[in-house]
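One structure is given below, encoded as structure tokens.
Letters A, B, ... mirror the listed sequences (proteins, then strands); counts begin at 1.
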Amino acid sequence: MQYNPKEIEKKWQEYWDDHNSFEPKDDKTKEKRYILSMFPYPSGRIHMGHVRNYSIGDAIARNARKEGFNVLHPIGWDSFGMPAENAAIKHKLHPKKWTYENIAYMRNELNSLGLSFSKKREFATSDEIYTKFEQEYIIKMYKSGLMYRKENSVNWCESCHTVLANEQVEDGCCWRCGNEVIQKEMPGYYIAITKYAQELLDDLKMLEGNWPNQVLKMQENWIGRSEGLSFEFKLSNDSKKKLGNCFEGYEVFTTRPDTIFGVSYSALAPEHPIVKYLVEHKLIDEKKISIIKKMQNLSEKERSMQEKEGVALGIDVIHPLTNEKIPVWVANFVLISYGGGAVMAVPAHDERDYEFALKYNLSIKQVIRPKKDIKFDGAFTDDGILINSGEFSSLDSKTARAKIIEYFEKNSLGKKEINYKLRDWGVSRQRYWGAPIPFIHCPKCGLVPEKKENLPVTLPEDITITGEGNPLETHPSWKYCKCPKCGGDALRETDTLDTFVQSSWYFLRYATNPSKWQKIGIDKEDVDYWMSVDQYIGGIEHAILHLLYARFFTKALRDLGYIDVDEPFSRLLTQGMVLKDGTKMSKSKGNTVDPDEIIQKYGADTARLFILFAAPPHKELEWNDSAVEGAFRFIKRLYDRSEKVKPTDKIPLIEHNSLKKEEKFARKKVYEALQKSYQTYQKEYSFNTLIASCMEAMNALNAQDNVDIWSEAYFILLNILEPIIPHVCWELSEKYFDLNNFTKIEIKDEVFEEDSITLVITVNGKKRGDIEVAKDISKEEILDLAKKNIEKWIEGKSIIKEIYVPNKLVNIVVKG
RNA sequence: GCGGAUGUGGUGAAAUUGGCAGACACGCCAGACUUAGGAUCUGGUGCCGCAAGGCGUGGAGGUUCAAGUCCUCUCAUCCGCACCA
């Protein structure tokens with residue numbers, strides 16, 4: 001009997017296809033499990049990261065089926081996005097053709113791994129029917145104020161005529177043509193995710209313990225809530241006049257109101273309206289204007305890499321508590337997008353303000369002293385005791401913050417405010433291969449959403465992609481349309497949606513019965529049953545954006561009445577990367593291992609076994625060719641030794657007490673593996689130790705030759721291993737057990753009962769021997785035996801203490 | 001700077017509540033079977049030492065009968081965010 005993975009795997013993959021083995025049942029009375037691995041981008045071929053992702057998900061899904069749950073384990077394709085356009089430029093292929101050919105190819109690759117996906121629920125996000133409902137939701141969001149259009153500063157490449165994402169700007173230049181990137185004000189569509197900032201933050205608590213701590217913290221930091229004081233700096237009368245009485249003052253936000261008496265200047269962002277006014281009306285000299293303009297042309301990121309820089313604006317504001325005149329500067333480190341784009345500067349207690357004050361020789365006034373007498377250089381930024389702060393002097397920072405906020409509120413000078421770092425989500429892309437944003441610009445009616453009955457707004461197919469500009473913009477006819485409201489001539493929006501929009505609701509689409517997919521996007525009743533996802537598996541690289549957007553989208557769709565779910569993913573597992581030679585596998589480094597080749601050479605079962613055995617799922621996994629051979633050998637052994645098994649359709653009955661020692665031991669090892677299996681799926685998914693315990697069981701089985709023990713062991717081991725190496729397990733199970741062993745198996749406690757116990761004897765905590773004793777022996781007898789066992793270690797010494805830990809060890813503490 | 005992790009043999013790793021450090025596997029060594037072995041099987045394998053024994057979980061302290069595990073300090077590496085006032 002020769003193990004032939006190719007033959008076996010083909011046979012069972014066909015069997016599962018023919019029998020629709022992995023379609024979820026419609027019966028909603030059954031308890032469900034929704035197991036989801038993040039869907040792939042159809043880049044052309046699967047890589048080892050995919051193999052790992054889907055092997056983990058598949059094991060969890062198959063185990064859940066075995067335990068009797070109704071399991072939804074779907075797959076699909078995140079198929080819009082830039083690589084398709086890049087391929088179009090490079091290979092002169094239409095993005096659609098390229099994408100759908102890749103999908104067809106990768107579908108076969110995934111199939112060859114024997115993954116237990118539902119085939120009927122598969123879809124691609126670039127399918128027009130998917131776009132249709134996404135456009136419906138976007139319009140709904142627009143109508144309810146969750147989506148809006150505004151001007152904003154973006155990265156713009158003059159030679160490619162396109163907006164670039166932050167990641168596409170390399171050292172201030174376009175990643176493709178190398179030309180300088182400038183900041184340009186452009187209109188775009190935004191989703192008001194900030195409206196959900198607090199809920200997104202609060203609900204992280206629901207996920208504690210079920211999501212990796214790291215991811216929760218990353219989301220928390222990203223949302224970046226901070227509490228402080230917001231107040232108005234009023235302009236001095238002279239300054240007001242200078243600004244043509246167009247401004248009264250401006251708002252600033254601080255988290256350190258306790259340092260307010262130390263304010264020595266105020267700084268505005270280069271984009272602040274007052275700065276713009278001064279520049280436009282040439283109220284400051286040319287030299288300064290050109291410095292400001294230079295600042296405005298740099299992105300936030302580039303500014304952050306530059307030295308602090310600014311110019312005095314020649315205007316003053318009035319300190320709200322001391323009535324002193326405070327000079328106003330523009331500074332490149334002040335962000336327009338946070339806290340109103342203006343700050344109060346306290347050089348004595350803030351690093352940035354300090355650096356800036358030193359450079360421009362501005363005054364530094366200390367108003368906080370350390371609680372303990374410590375030395376410090378530069379700014380003292382910790383909490384301390386207030387000094388030189390009028391009636392608030394001698395308070396500690398924390399109390400002072402509360403009192404000062406209270407004072408501002410009482411005197412209507414300002415109020416307590418909560419700020420978030422989270423920004424609204426810009427979803428406009430000047431790209432072809434994306435979902436069209438379903439809006440129309442009408443010269444009479446303004447911005448008008450497309451009518452529901454006209455959805456989806458689909459992409460024109462007769463385009464050529466050059467990489468310069470947006471093909472939708474340059475298409476001869478596509479953008480010309482009639483206004484849905486007045487019927488007059490109008491222009492269609494040519495921006496497409498960020499691809500993160502598609503991945504923000506795909507899991508709800510899977511949960512909807514495909515028989516309804518033509519009529520509705522999401523079915524509330526179906527979603528009620530299947531959601532939330534019981535186990536989500538994917539890469540850590542999605543810790544922030546995808547997971548935050550998906551959480552937001554779920555809440556937004558809930559508030560729009562589509563669903564009744566608060567959090568989409570109850571449990572999250574972030575798998576580690578697959579490495580080779582210590583670094584991430586990548587084509588450019590030439591250290592990739594092609595999954596197809598491994599499957600060709602050893603079979604899918606070996607690939608799956610190795611990848612689950614080599615490291616726990618959340619850790620990085622170092623690829624090792626000879627360890628793959630080891631995995632292959634184990635499966636071969638499992639296959640070969642099955643000759644010892646006697647066919648049966650139910651688990652053999654064994655009289656445990658009549659067994660020999662080796663037989664009892666083998667049985668114990670088998671049931672230990674079963675127990676381990678139950679723990680593995682409840683807790684950490686530590687497949688590596690589960691597999692190890694199966695190997696231990698095999699090693700123990702080899703030391704005996706009882707047919708019943710072998711048969712019982714295979715009945716159980718094939719059950720445990722089925723989620724990991726399904727093909728060979730189905731093959732052997734069919735042969736010996738008529739596929740009757742893939743259900744929940746009861747643990748028999750009798751196998752764990754020992755006739756005798758082995759106790760370790762230590763002297764002063766060091767192991768010096770061991771004894772085997774009967775189970776029911778008394779403590780005194782044990783101590784006597786123990787002392788005899790290690791006599792030479794305690795000879796001539798006095799015993800100070802004797803410790804007996806039942807079933808484990810004896811420790812004798814001696815002196816001298 | 002802030003946040004999160006991780007440090008255990010030649011390698012990947014394991015170790016309920018503190019209780020035999022290194023399970024399981026890779027590699028290596030030896031042997032068996034073989035015309036042959038990059039197949040298979042059996043045995044060995046933390047380090048030093050001929051041995052008795054000693055040492056050993058990044059480092060230094062501490063708590064404890066007993067520490068990879070708890071506490072304090074410290075070093076190194078990785079990841080995320082980063083002028084957020």
Side-chain angles (χ1 to χ4, degrees), chain A residues 212-222 224-226 228-229 252-257 259 266-267 269 300-301 303-308 331-346 349-353 355-356 381 419-423 540-541 543-544 576-577 579 609-610 613-616 618-631 633-634 636-637 640 679 683 686 688-699 702 758-770 799-814:
Chain A
N213 196 30
Q214 190 193 167
V215 176
L216 294 174
K217 283 287 173 197
M218 280 163 83
Q219 295 228 341
E220 192 183 318
N221 291 340
W222 190 261
R225 181 192 149 106
S226 56
L229 169 70
V252 293
F253 173 73
T254 178
T255 53
R256 292 296 302 274
T259 66
S266 170
E300 272 186 17
K301 204 174 185 179
R303 283 182 218 174
S304 76
M305 293 184 295
Q306 297 206 316
E307 204 188 317
K308 300 220 179 339
N332 65 346
F333 66 88
V334 181
L335 307 173
I336 187 64
S337 48
Y338 186 83
V343 297
M344 65 174 214
V346 185
H349 305 293
D350 182 282
E351 303 276 4
R352 296 154 301 181
D353 299 347
E355 198 184 323
F356 194 83
T381 57
N419 260 305
Y420 302 90
K421 288 186 198 170
L422 184 69
R423 312 282 162 84
I540 185 77
E541 66 272 19
I544 298 178
M577 279 192 303
L579 310 178
L609 181 65
F610 167 74
F613 180 56
H618 65 275
K619 266 188 117 168
E620 288 178 338
L621 182 154
E622 173 72 29
W623 188 267
N624 179 335
D625 288 320
S626 50
V628 176
E629 300 260 4
R633 274 203 294 273
F634 173 74
K636 235 176 1 183
R637 263 202 305 276
D640 291 344
Q679 288 164 5
K683 282 201 296 189
S686 43
N688 54 331
T689 51
L690 173 60
I691 293 163
S693 67
C694 290
M695 289 173 169
E696 282 182 63
M698 278 297 283
N699 293 344
N702 267 325
T758 303
L759 291 171
V760 170
I761 318 300
T762 60
V763 178
N764 290 349
K766 290 205 169 99
K767 187 185 174 183
R768 297 302 183 196
D770 51 44
I799 294 174
I800 299 170
K801 211 168 180 179
E802 293 168 358
I803 288 153
Y804 169 55
V805 184
N807 299 320
K808 286 211 172 113
L809 57 67
V810 174
N811 188 20
I812 311 290
V813 186
V814 294

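Nucleic acid contact for A:R225: none, since no nucleic acid atom lies under 4.0 Å from a heavy atom of the residue. Among the atoms of the strands shown, base atoms are found under 4.0 Å from some heavy atom of A:V334.
Ionic pairing of A:K217 and A:E220 is present here: one or more N-O contacts between side-chain nitrogen and carboxylate oxygen are shorter than 4.0 angstrom.
The side chain of A:T254 lies closest to B:A85, out of B:C79, B:G12, B:A85. Taking every side-chain heavy atom of A:P616 into account, B:A14 is the closest of B:A85, B:G4, B:A14. If you check B:G4, B:A85, B:G3 against the side chain of A:N221, the one that comes closest is B:G3. For A:A614, whose side chain is taken as the heavy atoms from C-beta onward, the closest listed nucleotide among B:C83, B:G12, B:C81 is B:G12. Side chain of A:K766, nearest nucleotide from B:C55, B:C83, B:G4: B:C55.
Put simply, NZ on A:K619 is 14 Å from P on B:A5, counting in whole angstrom units. Going from atom CD of A:E307 over to atom C1' of B:C83 covers 13 Å, rounded to whole Å. Between the CZ atom of A:F610 and the C1' atom of B:A13 there is a distance of 12 Å, rounded to whole Å. In this structure, A:L422 atom CG and B:C81 atom P are separated by 14 Å, rounded to whole Å. Between the CD1 atom of A:I544 and the C1' atom of B:C2 there is a distance of 13 Å, given to the nearest Å. Rounded to whole Å, the distance from CG on A:N702 to P on B:C41 is 9 Å. Straight-line distance from the CD atom of A:E220 to the P atom of B:G80: 19 Å, rounded to whole Å. Note: CD1 (A:I540) to C1' (B:C78) measures 12 Å, nearest angstrom.
Nucleotides B:G38 and B:G27 are separated by 14 Å at their C1' atoms, to the nearest Å. For the P atoms, the distance linking B:G10 with B:C48 amounts to 9 Å, nearest Å.
With hydrogens and angles disregarded, no donor-acceptor distance shorter than 3.5 Å links the side chain of A:T762 to the backbone of A:I812.
Contact check, A:S686 against B:A14: no side-chain N or O comes under 4.0 Å of OP1 or OP2. Checking the phosphate oxygens (OP1, OP2) of B:A5, no side-chain nitrogen or oxygen of A:K217 falls inside 4.0 Å.
The shortest distance between side-chain heavy atoms of A:T381 and A:H349 does not fall below 4.5 Å. The shortest side-chain heavy-atom distance between A:M344 and A:T259 falls under the 4.5 Å cut-off. Side-chain contact between A:D350 and A:F356: absent, with no pair of heavy atoms (C-beta onward) separated by less than 4.5 Å.
Comparing A:Q679 and A:F253 by the nucleotide of RNA chain B that holds the closest heavy atom to each, the one mapping nearer the 5' end is A:Q679.
The two residues A:V346 and A:D353 make their nearest non-hydrogen contact at N-OD2, 2.8 Å.
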Worksheet item: Just by protein heavy atoms under 4.0 Å, how would nucleotides 19-29 of chain B read 5' to 3' in B, S and -?
Response: BB--BBSSS--
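Glycosidic conformation of B:G9: syn, with the torsion inside 90° of 0.
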